[in-house]
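One structure is given below, encoded as structure tokens.
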Amino acid sequence: MLALFDLDNTLIDRSAGLEQWARGFVRSRSLPQEAETVICDRLRDRAHPEDFEGLGAALGLSDDPGDLWHEYVDGLARSVRCFPGAREGLEALRSEGWTIGIATNGAGDIQRAKLAATGLAPLFDGICVSGETGVRKPERCLFEAAAAGCGASLSASGWMVGDNPETDMGGARAAGLRTLWVANGREWADGLREPDVMVPGIVEAIEVLRGKRSRSARRAGLCAAPRVRA
């Protein structure tokens, strides 16, 4: 079975990592404390190289925007952490025969740097980043590319695990995947079509997937022809 995972604020705590990096950056440049808020507000939802042109100006910095971007990539990769239990859960899925992949929006260098720094990269059969494919979630093409990168197809169904109601859940549903929403302390917005499953965090999400696999295996066992011992 196929399971695709979002990266930021699903498997890793990007929000906390961004705040930590911003504090360290502000201290290193002797900037006023309110600069932390400016950085986090501007980079909370996304961060791409072009964002650092305006950010540098807002902070009164003369640094080349490209240099600021590389400083951010290196620093954020060191700051982010996996949510507790994420790595162990992914390892369990692999051991139980799941095909697992990453389907994430973002620039390729920062997303891959985070995957490498957290040690998650080797656990996936495929890694699909919007900045490398030219399409973004919720577009179907991103999910198709993520499945293909894992050697799978959307026609075989599968799951999408993520934290964003529109890009992860809405996009995956339209692509024919079942949807598993990681709340991380939030409430589902009124008026939006609900995902197939809602859970508090990534540990519970992986437990749901493992349960689905176990039930499928049990059903297959009931239908299988009996083995004959030699």
Side-chain angles (χ1 to χ4, degrees), residues 1-16 45 81-106 115 118 120 123-128 130 136-222:
M1 295 180 69
L2 172 68
L4 300 176
F5 289 84
D6 175 54
L7 179 60
D8 293 325
N9 297 323
T10 297
L11 292 171
I12 66 170
D13 192 346
R14 179 185 181 272
S15 296
D45 294 329
R81 298 290 183 270
C82 299
F83 284 114
R87 186 197 314 274
E88 294 82 359
L90 293 170
E91 290 171 345
L93 288 177
R94 286 188 63 87
S95 70
E96 293 170 7
W98 280 85
T99 298
I100 59 176
I102 286 287
T104 181
N105 287 343
L115 284 164
T118 55
L120 293 180
L123 299 178
F124 294 99
D125 297 288
I127 295 171
C128 183
S130 67
R136 292 175 54 84
K137 294 180 294 184
E139 294 180 53
R140 178 185 176 90
C141 291
L142 191 285
F143 297 98
E144 289 177 336
C150 295
S153 170
L154 293 183
S155 63
S157 190
W159 288 82
M160 176 67 200
V161 181
D163 72 299
N164 190 292
E166 291 83 15
T167 59
D168 292 327
M169 302 294 96
R173 182 187 302 110
L177 294 167
R178 299 192 71 185
T179 51
L180 209 169
W181 185 60
V182 178
N184 285 334
R186 297 167 299 153
E187 296 291 332
W188 187 259
D190 292 338
L192 291 181
R193 180 178 171 182
E194 292 187 353
D196 292 300
V197 182
M198 297 189 216
V199 293
I202 188 60
V203 169
E204 293 83 1
I206 291 173
E207 287 175 351
V208 168
L209 295 179
R210 296 182 69 188
K212 299 289 184 184
R213 180 77 179 193
S214 297
R215 285 192 289 276
S216 296
R218 286 197 295 270
R219 286 195 296 269
L222 289 173

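Scanning both residues, Pro165 and Leu192, for their nearest heavy atoms gives CB-CD1, 3.8 Å. The two residues Cys150 and Gly101 come nearest to each other via the heavy atoms SG-CA, 3.5 Å.
Arg186 places a side-chain N or O within 3.5 Å of a backbone atom of Ala183 that can act as its donor or acceptor partner. Side-chain atoms of Asn9 come within 3.5 Å of backbone N or O of Arg14 as a donor-acceptor pair. When atom types are taken as modelled, the side chain of Asp168 and the backbone of Asp163 share a donor-acceptor pair closer than 3.5 angstrom. Side chain of Asp125 to main chain of Ile100: a donor-acceptor pair is present (N/O by atom type, distance under 3.5 Å, no hydrogens or angles). Without hydrogens or angle criteria, Arg178 side chain to Val197 main chain gives no donor-acceptor distance under 3.5 Å. In this structure a side-chain-to-backbone donor-acceptor pair under 3.5 Å is present from Lys137 to Ala103.
Qualifying side-chain hydrogen bond (donor to acceptor under 3.5 Å, both in side chains) partners for Thr179, counting only residues two or more places apart in sequence or in other chains: Asp196. Applying the side-chain hydrogen bond (donor to acceptor under 3.5 Å, both in side chains) rule to Ser157 yields no partners; only residues at least two apart in sequence or on another chain are considered.
Considering only heavy atoms from C-beta on, Phe5 stays 4.5 Å or farther from Val182 through its side chain. Contact annotation: the side chain of Arg87 approaches that of Leu120 to within less than 4.5 Å [non-hydrogen atoms, C-beta and beyond]. Within the 4.5 Å cutoff, the side chain of Leu11 has heavy atoms near those of the Leu90 side chain. Side-chain contact between Pro84 and Val203: absent, with no pair of heavy atoms (C-beta onward) separated by less than 4.5 Å. Within the 4.5 Å cutoff, no side-chain heavy atoms of Asp6 are placed close to those of Thr167.
Within the structure, every pair that satisfies the salt bridge (charged side-chain N to carboxylate O under 4.0 Å, His left out) test and touches residues 138-149, not counting sequence neighbours, is listed here: Arg140-Glu144.
The CG atom of Asn184 lies 7.0 Å from the OG1 atom of Thr10; values are rounded to the nearest 0.5 Å.
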